[in-house]
Amino acid sequence: MASALTPQAEDFPRWYQDVVAKAEMADNGPVRGTMVIRPYGYAIWERMQAEIDVRIKEAGAENAYFPLFIPESYLAREAQHVEGFSPELAVVTHAGGEALAEPVVVRPTSETVFGEFMAKWIQSYRDLPLLLNQWANVVRWELRPRLFLRSSEFLWQEGHTAHDSYEDASAYVNGIHTNVYNDFLEKVLAMPTYLGIKPPSERFAGAINTMTCEGMMQDGKALQMATSHELGQNFAKAFDIKFQNKEGQSALCWTTSWGSSTRLVGGLIMAHGDDNGLIVPPHLAPTQVVVIAVREDDEVIAACNKIAAGLKSAGVRVRIDNGGASFGRRVTDWEIKGVPIRVEVGPRDLAEGVVALVRRDTSEKVSISPDAVATSVPGILEQMQSQMYEAQLARRNANTHDVKSIDEAMQAAQTGFARLDWDLVGSAGEARLKTDAITVRCLQRRDGSMPVTDTEKDLICIVAKSY
RNA sequence: CGGGAAGUAGCGCAGCUUGGUUAGCGCGCCUGGUUUGGGACCAGGAGGCCGGGGGUUCGAAUCCCCCCUUCCCGACCA
């Protein structure tokens, strides 16, 4: 059988593009860097949205929607923010057939508009904390676009909150980072991450602290899967977000922002995929089980329908493949799409009172009675989910090397991550690493936990090449 | 935005060096039939202003100039 995809070992970037195309996830749009997300890619994104959204609501934030267009002057109010984003802004100068009095920018992120309205809505400490989130599209005119990983327009959620103290803001955004993002990544995406804070050089424009979840792709490069920022009082000052405290005095709010995007889909592909295509973790999969009729017999199809109905009532996301193409072709197509479990129903097996059940990640194939499918599958899905996580953890750990010098770090970063004392790096070390496109992905405490600030003593750092 | 590679049918490519009738091949697609237990087979068929715009020429997929897009390596970044 000829391989449908370029093997990973031969050309990883090419393999990635092949998966995106052959799994029918996305196409390039007509404008440079834009992306058409196809139904299967969008179904995966919708599952991500659902899982993240429920966690965001659990954390007490409410969804709202803010406008796509932002007055150019808003961006300018926070010096670092405007400096950070100016190069990648799409600016509308004409509309309605004439030049606009003030150009409007297409949002690259919405701290500024949220800030403007938070200032309007917050009067008293009783209005705090104000916990908002929106699901939206944003535009950043990036120089080197790649489907899902860096498109000019992408979909994401951005949370924006305002608090009455540094401590409350910090605790809240830490909670988001851990209980929303990291929990989603571990339990749903089956991806271990390095949680940490960014060194000052990598901080979000306008933040006093930026947290990250760094995932390791199969080529050993890092991908920032989600990010959360403590904005201090920078945006509160710029947008006059004030409240009256219990003592009757006016005080500035402390704000946060946090986001995760369609980049997660790229991370999913590059963390879990193999030479046969995507492998979607069961908790995420839009289709967890596909029941395949080996041939289009009435008897076979009836058996498929019965099995699918049983799975559905067991709470499994299932679909039926009744034919059209040859059996082998259909199997290959479902493999490329990474559906966790295939149930293959054929007349020979049926005559013996069994069907075949195949796991996508291990290719392990077992014969079981059709009646046992609905009771067995949920357990297998759970097992597969945790084994996929364990496999990722093992791979990540095996490719993370503790080193004692910049030279060794640069060596290790050719194929994976390096971990070393932050004191050994510093801004001079960062400059050296950068000569080989290596960056400090995050700072951690020695036990792997997240520091509160980069000024803590005795920190370590994870360095790697990244997307 | 710098360096490299490339744009010819939906996808992958040949043709270009040395300009010359109706631009080919494989896969995919359509029709009919046989099939379906790991990318099926036979027969017939549809589908191209050769990325766009300018030139040179009697004549351009082919030579020259400009632009656009895609991919890779960087810089920028979720």
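Convention: sequence-line order gives letters A, B, ...; per-chain numbering from 1. These figures come from a predicted structure and were not determined experimentally.
Scanning atom types as modelled, one donor and one acceptor separated by under 3.5 angstrom connect the side chain of A/R342 and the base of B/G38. Contact of A/R140 with B/C77 (side chain to base): no donor-acceptor pair of N or O atoms is detected under 3.5 Å.
Ranked by how close their nearest RNA chain B nucleotide is to the 5' end, A/R263 and A/P347 are led by A/P347. Nearest-nucleotide mapping onto RNA chain B: of A/Q17 and A/L149, the residue sitting toward the 5' end is A/Q17.
Among the heavy atoms of the strands, none lies under 4.0 Å from A/D11. Counting non-hydrogen atoms under 4.0 angstrom, A/R144 reaches a base of the nucleic acid. Counting non-hydrogen atoms under 4.0 angstrom, A/A293 reaches nothing in the nucleic acid. Within 4.0 Å of A/S151, counting heavy atoms only, lies at least one base atom of the nucleic acid. Across all strands shown, A/G33 has heavy atoms under 4.0 Å from sugar-phosphate atoms exclusively, and none from any base. Within 4.0 Å (heavy atoms only), A/E142 reaches at least one base atom of the nucleic acid.
In this structure, CG on A/L195 lies 12.5 Å from OH on A/Y181, to the nearest 0.5 angstrom.
Distance alone, capped at 3.5 Å, is enough to place a donor-acceptor pair between the A/Q8 side chain and the A/G273 backbone. Counting only distance, with no hydrogens or angles, the side chain of A/Q288 and the backbone of A/L381 share no donor-acceptor pair below 3.5 Å.
The nucleotide whose nearest atom lies closest to any side-chain atom of A/R14 is, among B/C13, B/C77, B/A75, B/C13. Closest to the A/R150 side chain, of the nucleotides B/U70, B/A78, B/C73, is B/A78. Counting only heavy atoms from C-beta on, A/R348 has its side chain closest to B/G37 among B/A78, B/C73, B/G37.
Take A/D297 and apply the salt bridge (Lys or Arg N to Asp or Glu O under 4.0 Å) test, not counting sequence neighbours, and it matches no residue.
In the displayed structure, A/E58 atom CD is contacted under 6.0 Å by at most 12 heavy atoms of other residues, nucleotides or ligands.
Between the side chains of A/W334 and A/T332, not a single donor N or O lies within less than 3.5 Å of an accepting N or O.
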Identify all pairs in which a protein N or O lies below 3.5 Å from an N or O of nucleotides 40-47 of chain B, and state each distance.
{"residue": "B/A40", "atom": "OP1", "partner": "A/S326", "partner atom": "OG", "Å": "3.2"}
{"residue": "B/A40", "atom": "OP2", "partner": "A/S326", "partner atom": "OG", "Å": "2.4"}

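A heavy atom lying under 4.0 Å from RNA chain B marks none of the residues of residues 41-58 of chain A.
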